[in-house]
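Some notes on the structure that comes next.
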Amino acid sequence: MKKALHIALMVAILLGILSIEAGNAEARELQSYSQSAWKYLKTLTGFGPRNFGSVGYFKTIDLIKKVGAEVADEVDVQTFAFSKADGTVLKMSNIRLKFGGTRKGPAILIGAHFDTRPFADEESRPALKSRPILGANDGGSGTAVVLALARYLKNNRDRRPVELVFFDGEDYGARGSGENLLGSTYYANQLRKTERDEWPYCVIIIDMVGDRKLEIYKETNSLKSASWLVEIIYGTAEKMSMTQFRNQTKYTIFDDHYPFIGLGVPSVVLIDFDYPYWHKLTDTLDKCSPESLFSVFQVMAAVLGKI
């Protein structure tokens with residue numbers, strides 16, 4: 001009897017050790033993706049401003065396509081033309097990285113805008129307002145997290161199919177001009193031409209999540225569109241002790257999730273709008289932190305298996 005109890009105890013200890021080791025290995029793997037997100041953000045800001053038509057803009061497109069070629073099942077560049085009020089026609093591009101899953105059905109769409117603001121309209125000094133912003137947080141952080149998710153998805157398939165979409169033209173025009181959310185609006189309008197079963201299962205937009213003092217509140221349009229999805233995300237964050245995700249509701253945001261809400265697709269945005277450097281030249285890398293990026297990455301990686 002004592003020998004049997006001794007063996008049972010040893011087996012339990014061994015299983016416990018193996019479980020701890022497996023957990024440590026998973027933690028190390030996730031940490032490597034955190035490093036990837038920060039490296040991507042440093043690379044993006046190293047390109048300089050990434051507003052439409054700039055050198056940094058084209059370098060960003062090349063980076064996204066390069067990462068996609070390395071890790072995704074399919075890379076699709078969705079080129080579209082946007083006609084401005086003055087008659088100027090702009091050629092823009094959404095970039096889609098597609099990943100198959102072990103479950104059938106419509107894909108989860110995770111998106112971020114890769115363009116940055118072409119003018120610093122929130123600066124107080126008029127001489128600064130015409131200069132393009134660097135957009136470390138606004139444009140950079142979401143892109144960096146989604147690029148890190150692309151690395152993660154290459155080796156983690158136990159879920160629905162996923163499309164990572166990098167939207168163009170979110171921050172292009174002046175406030176009230178109607179020249180914003182260009183890529184997501186085009187994407188949503190193209191979906192209208194397809195069968196409903198080809199539409200995304202749900203949409204999650206990641207924007208401005210790099211702030212050192214990250215606080216992501218529940219956004220009102222997201223709650224109206226997909227309260228169940230908001231609860232999955234924030235419930236997951238709470239279980240993971242990610243205090244950056246706040247259970248209170250704050251702000252009504254018109255971001256790249258909004259055109260999909262218009263289609264009736266459950267859609268949410270994760271954004272920290274309490275950012276004093278928004279649309280300013282001071283939106284630089286030193287205002288961001290790898291810990292903030294990693295918190296969002298970890299929650300998103302966990303959420304994908306629960307939807």
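Rounding to the nearest 0.5 angstrom, the gap separating the CZ atom in F294 from the CG atom in L214 is 14.0 Å.
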Discussion item. Is there a salt bridge (Lys or Arg N to Asp or Glu O under 4.0 Å) between R175 and E122? Walk through the geometry before answering.
Written reply: CA-CA 11 Å; R175 190 181 305 177; E122 290 297 314; 2.4 Å; yes
Fill in: CA sep, side-chain torsions, deciding dist, call: H113, D168, side-chain hydrogen bond (donor to acceptor under 3.5 Å, both in side chains)
CA-CA 6 Å; H113 73 92; D168 203 346; over 6 Å; no
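With E219 as the partner, the side-chain contact (heavy atoms from CB on, under 4.5 Å) test is satisfied by one option alone out of I253, V230, L270: I253.
Annotation: cation-pi pair K218/Y234 present, NZ/CZ under 6.0 Å from the ring centroid and within 45° of its normal.
No side-chain donor-acceptor contact under 3.5 Å links S295 and S292. For S36 and K39, the side-chain atoms include no donor-acceptor pair closer than 3.5 Å. For the residue pair Y187 / R96, a side-chain donor-acceptor distance below 3.5 Å is found, with atom types taken as modelled. A donor atom on one side chain and an acceptor atom on the other are not found under 3.5 Å apart for D138 and Y277. H279 and E123 form no side-chain donor-acceptor contact under 3.5 Å, judged by distance and modelled atom types alone. For the residue pair K287/T282, the side-chain donor-acceptor check at 3.5 Å is not satisfied.
A donor-acceptor pair is defined here as one N or O able to donate and one able to accept, closer than 3.5 Å; no such pair exists between the side chain of T88 and the backbone of K84. Judged by distance alone, with hydrogens and angles left aside, the side-chain atoms of N221 form no donor-acceptor pair with the main-chain N or O of T252 at under 3.5 Å.
Aromatic ring orientation, F80 versus Y186: parallel (interplanar angle below 30°, classes split at 30° and 60°).
Closest non-hydrogen pair, N94 versus G183, comes out as ND2-O, 3.0 Å.
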